[in-house]
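Below is one structure, written out as structure tokens; comments come after it.
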Protein chains: 2
Amino acid sequence: MTAQTQKPKIRDAEATRARILAAAKVEFARFGLGGARVDTIAENSGANKRMIYHYFDSKENLFREVLEAAYVDIRSAEQALDLDALAPRDALEKWIRFTWDYYLANPEFITLVNSENLHRAKHLEDSQAIRVISRRFVASTKDLLDRGVDDGVFRSDIDPVQLNITIAAIGYYYLTNRFTGSIVFERDFMTPEALEERLAFNIETIMRLVCV
Amino acid sequence: MTAQTQKPKIRDAEATRARILAAAKVEFARFGLGGARVDTIAENSGANKRMIYHYFDSKENLFREVLEAAYVDIRSAEQALDLDALAPRDALEKWIRFTWDYYLANPEFITLVNSENLHRAKHLEDSQAIRVISRRFVASTKDLLDRGVDDGVFRSDIDPVQLNITIAAIGYYYLTNRFTGSIVFERDFMTPEALEERLAFNIETIMRLVCV
DNA sequence: ATGCTAATTAACGCAACAGTTAGTTACTTG
DNA sequence: CAAGTAACTAACTGTTGCGTTAATTAGCAT
């Protein structure tokens, strides 16, 4: 046997910890911090409640770790896009698509962020990790804008932070409020056609805003 | 005495009901449906817990009434804008400003809607009232767009629903995620200058999208 | 092998919380 | 003004849910 030289341990701290985190992510995403049940997390993780307190000390701290991991994940995926390799307009469109696709593929990100804002970001407040990855994120969008300005295809007076917020907003809002939205506007927000239409509208919105 | 012919009653069903609703709005807005405490609502309303169950039957039903009232309020304020009286471009800008100002002045609206979406809109699901007021709302934005197209100042291929969503999104997202936003972007989202800058950016975004 | 450390479990404690019971008191109507 | 009704209150109940206690067992080092 070449791989799997380690025999599968019955007791595996790292694996148990990871299983708890995964189960917690699902539970917090579905019900928010307040609505989540640590008994449910314990059960779904295949561990038991005492393990949660062993590895994470408290429900709130478990939430904090889930949330931080979610931010690290989206920012990592973003960096992996390698937008530098594309012409500014192509890079911008790719970034808008990525943001939309990421929210669709990882709906828990949105719910976790909503829950954290209901709690006024007190869990993220002193996370240095978030600040570090966010700086790189803002810097790379600024780079993209600068490149576009140099090429004469982007307007020169766009604030990268406002642009970031706007690109997130037009996707995020549509998805997080899809339930009340479906009632207010009397249409299914989640059919493939509706999703495609929304993405196209979002690309149009941003392109008109940014391009000269 | 001309007014106040009714002597102030010690027992006043309508007033008590209204006080409970007002206290519930504050509590639900601050903590969401799950995080709200009916003991707190009772205390802050100056009534007591039994009265809540007398007038509203359950915590969930109380939430439903608070939420419906919130929708009625924003849609009424919107209708009162009387956008028909303005030229299309002016009307559009006034509407964008209104949306922003309403969210700022009534932050509980955002939190209530967030909470309802966490619960997949099950409380609004069979509210006929919401559907009725929403239809008028969508119709009047469609009227505005049509007027602009007739005047040759708006693009002809804008979907009123997508526009509605987008105008809400760019204000709503900024405000609801202002806590995590302040950390990620390392700036205070709520200074007068920041608010003004965001509103200007939003107006620019929509104008570029809609105008020919 | 033996003893030590860390992983794991079941069962429990206790506070918080939604909802109720069992009344008392103000107002209204005939 | 008497009797009925509706507003109102305080104290209580059963359950849920976070966090712990106390004990068991697997893996590892000497």
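Naming convention: chains lettered A, B, ... in sequence-line order (proteins, then strands); numbering from 1 in each chain. Computation of the quantities below employed the complete heavy-atom set of this structure, encompassing side-chain atoms and omitting hydrogens, waters and symmetry-equivalent molecules.
- Taking atom CZ of residue B:Phe56 and atom P of nucleotide C:dA18, one finds them 16 Å apart after rounding to whole Å.
- Residues of residues 29-41 of chain A having a heavy atom closer than 4.0 Å to DNA chain D, listed by number: A:Ala36, A:Arg37, A:Val38, A:Asp39.
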How far apart are the C-alpha atoms of B:Leu33 and B:Phe28, what are their side-chain angles, what is the distance that settles it, and do they pass the side-chain contact (heavy atoms from CB on, under 4.5 Å) test?
CA-CA 5 Å; B:Leu33 169 54; B:Phe28 286 134; 3.8 Å; yes

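- Checked against C:dA18, C:dT9, D:dT9, the side chain of A:Met51 finds its nearest nucleotide in C:dT9.
- With rounding to whole Å, A:Glu14 atom CD is found 16 Å from D:dG27 atom C1'.
- The A:Lys49 side chain lies nearest to D:dG19 when the options are D:dC8, D:dG19, C:dT8.
- Side-chain nitrogen and oxygen atoms of A:His54 include at least one within less than 4.0 Å of the OP1 or OP2 phosphate oxygen of C:dA7.
- Atom CG in B:Leu62 sits about 10 Å away from atom P in C:dG19, given to the nearest Å.
- The residue A:Tyr55 sits close only to the backbone: its heavy atoms come under 4.0 Å of sugar-phosphate atoms, none of a base.
- Taking atom CZ of residue B:Arg17 and atom P of nucleotide D:dC8, one finds them 13 Å apart after rounding to whole Å.
- In this entry the distance linking CD1 of B:Ile52 with P of C:dT20 reads 13 Å, nearest Å.
- Of the possible polar contacts, one joining the A:Lys59 side chain to the A:Ala36 backbone as a donor-acceptor pair under 3.5 Å is found.
- No N or O donor and acceptor, one from the side chain of B:Lys59 and one from the base of C:dG19, sit under 3.5 Å apart.
- Straight-line distance from the OH atom of B:Tyr53 to the P atom of D:dA7: 19 Å, rounded to whole Å.
- The phosphate of D:dT9 has OP1 or OP2 within less than 4.0 Å of a side-chain N or O from B:Asn48.
- Ring geometry for A:Phe98 versus A:Tyr102: interplanar angle of 30 to 60°, hence tilted.
- Using bins of under 30°, 30° to 60° and over 60° for the plane-to-plane angle, the ring pair A:Phe189/A:Tyr174 lands in the parallel bin.
- A donor and an acceptor atom never sit less than 3.5 Å apart when one is taken from the side chain of A:Arg50 and the other from the base of D:dT20.
- Side-chain polar atoms of A:Thr180 and B:Glu116 form no donor-acceptor pair below 3.5 angstrom.
- As a whole-Å value, the separation of A:Glu43 CD from D:dG17 P is 12 Å.
- Nearest to the side-chain atoms of B:Thr16 among the listed nucleotides D:dC18, D:dC8, C:dG19 stands D:dC8.
- In this model, a donor atom of one side chain and an acceptor atom of the other lie less than 3.5 Å apart for A:Thr166 and B:Arg198.
- Here A:Arg97 pairs with A:Glu93 in a salt bridge; the nearest charged N to carboxylate O distance falls below 4.0 Å.
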